[in-house]
Amino acid sequence: MVGGAVRDDATLVERWATFDCYGTLIDWNGGVGRQLERLFGAARVAELLNRYHEVERQLQRERPTAAYREILTQTLSRLGPVPADEEDALARSLPGWAPFPEVPAALEDARARGWKLAILSNTDRDYIEASMRRLGGGFELAIVASEIGSYKPALGHWRAFEEQVGRLPDVHVAASLFHDVAPANELGLPSIWINRLGETPGPVPTRELPDLSVLAETLDELA
């Protein structure tokens with residue numbers, strides 16, 4: 001391995017892994033759930049999280065060019081009445097959402113093995129920049145929905161990556177079957193599904209892991 005690439009027939013070939021961010025690297029449910037608990041009470045968090053997922057998907061389909069902060073705010077408003085000064089509670093809180101504990105070390109291990117890392121996210125540039133700082137940096141690029149006018153599971157993120165890099169990634173890593181594994185399958189890409197919630201797969205990933213602890217080894221298996 002030389003400088004982030006593997007040698008194949010005397011040609012240096014970069015290995016690219018793309019990642020979803022929220023729910024995969026950053027604790028999305030924890031970040032949203034804390035705000036829902038604060039606004040609506042602990043007893044309603046599970047119910048409202050399920051509802052949130054449904055409403056957000058609907059809004060992203062209806063408004064593919066909307067900024068994610070608008071999606072966050074409109075989704076929250078549909079869950080129930082909130083005070084006027086709390087309408088943007090989710091949008092304000094997102095930059096402070098924390099990584100899952102094993103993630104920074106797992107990403108560093110992948111980088112040490114020569115993997116180039118990129119994020120494909122249904123979010124805005126300022127949000128992803130804040131989250132990448134929390135993750136320790138080291139990403140070659142990040143593609144966000146608000147800049148390409150497309151929300152996953154549409155293929156816009158992968159097409160934008162292909163345009164910038166010259167090809168599709170080698171592996172895609174994500175926690176969402178709907179947003180990420182299904183389109184990766186459609187594109188013929190190997191996928192690593194991070195199944196933190198013990199869900200049953202619908203679209204079948206190439207590999208399934210409970211977290212990112214053995215990410216680097218699994219990437220190497222698939223490359």
Side-chain angles (χ1 to χ4, degrees), residues 4-6 8 13-29 53 56-57 60-61 64 68 99-123 128 131-132 135 138-145 148 150-223:
V6 292
D8 180 18
V13 180
E14 294 176 340
R15 299 190 299 172
W16 280 93
T18 50
F19 294 80
D20 175 56
C21 185
Y22 301 102
T24 304
L25 307 177
I26 297 286
D27 186 358
W28 190 97
N29 277 346
H53 285 291
E56 183 182 83
R57 289 182 188 182
Q60 288 173 343
R61 286 194 300 269
Y68 186 57
F100 291 103
E102 84 287 354
V103 167
L107 295 175
E108 181 56 36
D109 191 7
R111 287 191 289 268
R113 293 174 184 238
W115 284 89
K116 289 180 175 271
L117 312 182
I119 288 181
L120 312 182
S121 181
N122 279 354
T123 188
I128 209 66
S131 294
M132 287 193 296
L135 292 165
F139 292 92
E140 302 290 333
L141 67 99
I143 295 168
V144 296
I148 62 172
S150 176
Y151 280 96
K152 296 179 292 181
L155 302 182
H157 287 77
W158 287 274
R159 296 308 183 200
F161 177 93
E162 187 176 22
E163 181 177 340
Q164 292 189 44
V165 175
R167 63 180 179 86
L168 290 170
D170 297 282
V171 184
H172 185 61
V173 184
S176 175
L177 295 167
F178 174 80
H179 292 98
D180 291 272
V181 173
N185 287 352
E186 182 178 346
L187 291 166
L189 294 176
S191 62
I192 299 174
W193 179 38
I194 308 303
N195 185 11
R196 297 183 184 276
L197 302 178
E199 298 174 285
T200 301
V204 178
T206 312
R207 293 285 189 278
E208 176 182 340
L209 300 175
D211 56 36
L212 271 74
S213 298
V214 294
L215 170 70
E217 296 92 327
T218 309
L219 286 172
D220 284 349
E221 290 175 10
L222 295 178

Side chain proximity check, R15 to D220, heavy atoms < 4.5 angstrom:
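Result yes, sub-4.5 Å side-chain heavy-atom pair found.
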Min side-chain heavy-atom separation R113-L219 under 4.5 Å
no
Residues forming a side chain to side chain donor-acceptor pair (under 3.5 Å) with [X], sequence neighbours excluded:
X	answer
E56	Y52, Y68
S191	none
N185	none
T123	none

Quick check: closest heavy atoms across [X] and [Y], and the distance to 0.1 Å?
X	Y	result
W158	L168	O-CD2, 3.7 Å
V144	H157	C-NE2, 3.9 Å
A160	I143	C-CD1, 3.8 Å

Partner set under salt bridge (Lys or Arg N to Asp or Glu O under 4.0 Å) for [X], not counting sequence neighbours:
X	answer
D170	R167
E108	R111
E102	R196
E221	R207

What pairs of donor and acceptor atoms, side-chain ones from residues 172-183 against any protein atom, are under 3.5 angstrom apart with sequence neighbours left out?
from, atom 1, to, atom 2, distance (Å)
H172, ND1, T18, O, 3.3
H172, ND1, T18, OG1, 2.8
H172, NE2, D180, OD1, 2.7
S176, OG, F178, N, 3.4
S176, OG, H179, N, 2.9
S176, OG, H179, ND1, 3.0
D180, OD1, K152, NZ, 2.9

When rounded to the nearest 0.5 angstrom, what distance separates [atom1] in [X] from [atom2] in [Y]?
X	Y	atom1	atom2	result
D20	W193	CG	CH2	13.5 Å
M132	L25	CE	CG	11.0 Å
I194	E208	CD1	CD	9.0 Å
T24	L212	OG1	CG	7.5 Å
L187	F161	CG	CZ	12.0 Å
I119	I26	CD1	CD1	8.0 Å

Under the side-chain contact (heavy atoms from CB on, under 4.5 Å) rule, collect the residues that match up with V204, sequence neighbours excluded.
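Once residues adjacent in sequence are excluded, V204 has no partner under the side-chain contact (heavy atoms from CB on, under 4.5 Å) criterion.
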Suppose we screen for side-chain contact (heavy atoms from CB on, under 4.5 Å). Which residues come up paired with A105, at least two apart in sequence or across chains?
none
For F100, give me all partners under ring-ring contact (aromatic ring centres under 6.0 Å, His included), at least two apart in sequence or on another chain.
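Partners of F100 under the ring-ring contact (aromatic ring centres under 6.0 Å, His included) test: none.
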Stepwise side-chain contact (heavy atoms from CB on, under 4.5 Å) test for D109 and L215
CA-CA 8 Å; D109 191 7; L215 170 70; over 6 Å; no
After noting the C-alpha distance and the side-chain angles of I128 and F139, does the key distance pass the side-chain contact (heavy atoms from CB on, under 4.5 Å) rule?
CA-CA 11 Å; I128 209 66; F139 292 92; over 6 Å; no
